[in-house]
Amino acid sequence: MKPAPRERSAPRSRGHPAGRWRPALLLPGGLLATAFLAGCHRAHEQSAVHPASAEAASIANLWWVMFAVLAGAFLVVMAFTFIAISRRARSDAPPGGAMRFVVISGIVVPSLILIGLLVYSLQTTRMLRRPVEGRLIQITGFQWWWDVRYPEFGVVTANELYLPAGQPVRLELRAKDVVHSFWVPNLHGKIDVLPETVNRFWIRAEKPGEWRGQCAEFCGRQHALMALRVVALPPDEFEAWLERHRQPRLVTAAPALARGEEVFFRASCHTCHTIRDTRADGTLGPDLTHLGSRLTLGAGTIENTREHLAEWISDPQGVKPGNLMPHTPLPPADLEALVEYLTSLR
Amino acid sequence: MPRSALMSPRSPQDPPPAPAAAAVWFNLVGGGAAWMLHLLLAYVIAEFGCLSGLGEVHLAGLTAVAWLLIGTSALALALASAATATSIRIGQHLQGPHSAKMKTADLEATAFSGRLGLISNIVFTVVILVQSVPIFFYLREC
Amino acid sequence: MPSPNQLKEFERTWSAPAGWTEMLAAVNSQRLGIRFMVTALAFFAVGGVLALLMRIQLTVSDNTFMGPQTYNELFTMHGSTMMYLFAVPFIEGLALYLLPFMIGSRDVAFPRLTAFSYWTYLSGGLVFYASFLTGSVPDAGWFSYTPLSGPAYSGTGLDFWVMGLALVEVAGLAAAVEIVVTILKMRAPGMSLQRMPVLAWTLLVSGVMMIFAFTVLLVGSALLELDRAAGTRFFDPTRGGNSLLWQHLFWFFGHPEVYIMFLPATGVISTIVATSAQRPLAAYALVVMAVMLTGFVSFGLWMHHMYVTGLPELGLSFFAAASLMIGVASGIQIFAWIATMWGTRPKLTTHFLYVLGFFFIFVLGGFTGVMIAVAPFDWQVHDTFFIVAHFHYVLIGGVVFPLFAGVHYWIPKLGGRMLSEKLGRWGFWLTFAGFNLTFFPMHIMGLLGLPRRVYRYPESLQIDSYNIAATIGAFAMAAGFVVIVINILRSRRKGPPASGNPWHASSLEWSISSPPPVYGFLQPPVVRSRDPLWETETPPGDSAAERASAALAAAPVRWRATLGTDAITGRVVAIHVLAGPALTPFFAAVGLTLAFLGVLLKSYLLTPLGLIFAAACFVRWMYPRPEFAALLRESDVPARAGVPANVTGTQSTVWWGMIGLLTIVATAFGALFYSYFYLRLFSEFWPQGGLPKPELATGLRVYAPLVLSAATVRWTTRSFTRGRRGQMIAAMAATVLLWTVYLGLIAGHLTTQPFTMRDNAYASAFHIISLALATCVLAALTVAIACGVRVLRAKSRDDFYVLLPLQLAGLFGVFVAAMGAVVFAVLYLSPHWL
């Protein structure tokens, strides 16, 4: 079966109006009100029912079909229950006699529905897991952040995943410590990230856009704050992004930056972090070679701004309690220089 | 197999004994055992057959894994059918002229286990059939 | 009619002793059943409070009410409490209380084991909560996935979790064996299989499932604790271990666990539906079949918790098919209930309202269950709030609502007073509405991208309003639970007295007064149909059954006894002697707890001391009391009843208890072998780490004495039955010698291995499997020696106190010898072929 070519499978950029009403379908009676309260006019950037790829769309289709069939079945069962207890029937037994009634409505009909669902789900499964060609991206789960590498280009980044829009990419996922799970619901289902084996997966974004992914397997203290941004760029912009990020940092001779770099080493940041072309080669924390261009800090915890960066360096435990980055007390001037230096790494 | 108890010649002069305990038990759990055998074998064949490269070996257009799985399904269905046949025989046996020889309580209990076994064996046969559906989606590759 | 004197003495025999020891020594299933249920409800209340705290934290996005550590501890303890400390123990309590009444027995098969089970459960629960005193609370979830729960990533909180869990599982296994043997051997005369109440059927199937499922979890948690405390590598991916192995073991337990709780709940529903409809349950045989089907198939679903682990999808698809087909089993039950109620216009009593609430909630939860059995959809919603919504629908709708229906239905029997219908309706509507308001929006939250087990979520998910609704609902539900408790407490003083059968129900428990007397049935009932209390005419019963029943009317007066019947036909075959109050079960549980605490506190001297103390208690427990034997010999009750009192072999409940124990041990070895081969299949080299393959010759030398002992054990039992005393003593001596030789050889063999159990996962598996078998042989040796002493001192060959122990020791002996052959094949042969 080919991916459902319906309206729903169309890639959806932020705020597509057709995506908003669907959750309301879920609601019976009294809960409708809450659904409408939630129906505000913003995009759902981490949602299984707002697909942005053919794969996520075919899963969403599966969901809506199952929802329709089973909601119908639910109403039928409730109707039977209501009739059973509310009417005094002329005969004692339900239509067809008790035994036949149970066999037909309890065995035959459910079996037919379930076999239909099984076949439909197997078709979807086959469609989703077909092997594809595409760029390779290696993702490593750490407590509590993502290391992202493009091995064919020597590009290393963290907590963000850039993709060429319209092209599939192959993922190789592995955990460094405990079990994590990679999940970008707008693009595809999830896949566990295991410490003992590499799991292979693939995703594709139909059109340029930005989504949020999150670790979905409980992985310890800060499981909640282990997100990643997924950005699909038009292919030419993506190539440009790759090209820029395969370069080492931009070296500028500004004295403020030299001071910042000196603070970086004095504060021992290099024992955990790497900045290519310097002697900083730590591997416990994210690679900082292009930190200035990152969208977020602390694996999606806060936006990457100068103020947030200063806050993150001086009080990482306040921003994301339990994370492995130690508290680093620095004089204000040093902190200022360090932030200046780090934001220059683009 | 409790054949001796079930297939002994039935002459009025020489009434057969009550269904052997083994037959009653096989009738009760045979279908379930067939189902369990099917699931475990199919899982092991699929998981390790595909990992070990058996999925690449093709025989008459189908992979070796698919053939093994089809064989497993046939085996499990044969076992479940044997259990169903046992249940049917227990039912017939109890309706025969020899049932008077058994005590009523025993007769009732055995008849009930025969009925229980019959429906459970039929349902397990259906479950095995449904469980074989996925094989047809993976005939040519893992 | 028994004389007043006889009645008084009879009642005294069945009463608990007076004084403070009464608390600790009581063994009556009625009393312990209530204790189980009350304790479970107390844990339910605590678990509920934890849930409310979590709901407060999640009310709005980026809330700062609590930090991540606290939240992780709360959801771990909430899940563990509800799954391990509330649901299953409550059902065990319900079973212990009701089962004897429903099947017409005076108590369960092993009264002292009941007490042991309760004390072990209680101490397990206390160990769980003792972690709050140390400040290191379990924080890896109720499922404790490795390696997060392993030594490298978690603190002592996890030790509390493992130890508490192990104690609760031991309690559950004891209760399971108890329930199964009671149903198989102690039903009222005439209660053949087809006359058994459906609740008994569900408990029977659940009990059998518990034996398999709990054992596997017990093995899994033992391996986890070995990793944590002894440095083995089963789940350590850096040394050849495999974190997925834990997931397999856990879910092989975890999925059946759901049905272990759900099946008895459906039994309660079947009972109440039939009573409310005033009509026998429709399609009884189909319902029983559905229960059996569920029991079977639930063991073939564990992989659907692992759809996203990246395992080959063809293998997963068989589990998807099985997961869908279990829906048929529920369909049968639902429509059988509808058919039963059809056209009867049942009265909307509180307990029936809960049944209707169950219909709504459970069917909805069942349908979301069908959805998540479909692999691609599960890839999206796995580990999201959709799953949280699903399993709360299934567990609260499918288990808690039926249990509350049961509580409202049986409270008049249990306490002798009726509940207030008005308060009952308030409680129902608050819990029902609150439940749906809490959990329905969670489906939407999951689809909109909220993962489980997160202490905060960003505003950008746009789910704040659903969360506010959920929190309001949670408090409404909590208010409903408070109303229910108030209703129960109020009825104790103000409720109108209940008649024997206020609902005009059909099952045997309603044939006795409310509340029931300590001995249950003054005269054991004789059953002639499936719904004994609805019989309009009484057909002549089996004369043997009537005779036995009459002989046991208010008798025997000096010892506790009930009638034993054939498992299938319900023919009366024996009088089972039941133990009276005893302190040994309590002390055995204390010893076991001390042993576990020793591991927990890393004071490894305490562990062997605790175990020895527990073993001593068990020996005292088993030791026959001569005055009691004399009492039995003098009694005329067996003669009057026409059936023997001291039965042996398959007629004896103890023999079946032994079969239960051996099933547990065999399952445990099965789980160990599974782990061994699982590790092997995912290792490139085997043995791992360049270790040499085990030498066949060495293995043969070590295991030959053990395997040979099968012959000497058989020889012992054979020469005993043939009355050849000299031969028997020789055979017994040979057995003891062979086992001692084996133990010596294995000790030497293990200590001279070039590797230790800490080297890699292969080494761990090799050592632990060898040690597990050696422990079993040591136990068998102890039993054999004790048995030998008893045989040598016995005066007569037919003495009950000799024959039965010898049969049991023989079973155990043959079992360990056979297991020796299997262990040899796995550890020494398989590395050469595979």
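Scope of the values below: all heavy atoms of this structure, side chains included, with no hydrogens, waters or symmetry mates. Lettering follows sequence order; numbering is per chain, from 1.
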query: C:Trp342 and A:Ile83: side-chain contact (heavy atoms from CB on, under 4.5 Å), yes or no, with the steps?
result: CA-CA 8 Å; C:Trp342 197 271; A:Ile83 295 169; 3.8 Å; yes

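- Side-chain contact between A:Met66 and C:Val370 is absent, with no heavy-atom pair separated by less than 4.5 Å.
- Here CD of A:Glu45 is found 7.5 Å from CG of C:Leu461. Values are rounded to the nearest 0.5 Å.
- Residue contact with chain A, scored on non-hydrogen atoms closer than 4.5 Å, involves the side chain of C:Tyr153 exclusively.
- Between A:Val102 and C:Ile332, the shortest heavy-atom contact is CG1-O, 3.7 Å.
- Of the listed residues (C:Leu244, C:Thr238, C:Asp378, C:Ile334), the greatest number of heavy-atom pairs within a distance under 4.5 Å of chain A belongs to C:Leu244.
- In this structure the side chain of A:Ile85 reaches within 4.5 angstrom of the side chain of C:Leu356, judged on heavy atoms.
- Proximity of C:Tyr455 to A:Pro321: side-chain heavy atoms (C-beta onward) are separated by under 4.5 Å at one or more points.
- A heavy-atom distance below 4.5 Å is not found between the side chains of A:Phe218 and C:Arg452.
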Could you walk me through whether C:Val308 and A:Glu217 pass the side-chain contact (heavy atoms from CB on, under 4.5 Å) test, one step at a time?
CA-CA 10 Å; C:Val308 299; A:Glu217 181 59 80; 5.7 Å; no

- Would you check, one step at a time, whether the test side-chain contact (heavy atoms from CB on, under 4.5 Å) holds for C:Met371 with A:Trp63? CA-CA 8 Å; C:Met371 292 175 179; A:Trp63 148 249; 3.4 Å; yes

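- Interface residue A:Ser86: only backbone heavy atoms are found under 4.5 Å from chain C.
- When heavy atoms are compared at a cutoff of 4.5 Å, A:Arg200 does not approach chain C at all.
- Using a distance-only test at 3.5 Å, with no hydrogens or angles considered, no donor-acceptor pair links the side chain of A:Gln222 to the main chain of C:Pro68.
- Looking at C:Leu148 and A:Gln143, their side chains come closer than 4.5 Å, going by heavy atoms from C-beta outward.
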* A:Trp183 and C:Trp379: side-chain contact (heavy atoms from CB on, under 4.5 Å), yes or no, with the steps? -> CA-CA 9 Å; A:Trp183 185 41; C:Trp379 294 338; over 6 Å; no

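- Contacts between A:Leu62 and chain C at a heavy-atom distance below 4.5 Å involve the side chain alone, from C-beta outward.
- Using a 4.5 Å heavy-atom threshold, the side chains of A:His50 and C:Leu448 count as touching.
- A:Val179 is listed as a side-chain neighbour of C:Pro147, based on a closest heavy-atom distance under 4.5 Å.
- Here the side chains of A:Phe101 and C:Ile338 are in contact, with some heavy-atom distance below 4.5 Å.
- A distance-only check finds no donor-acceptor pair linking the side chain of A:Glu196 to the backbone of C:Pro237 [under 3.5 Å].
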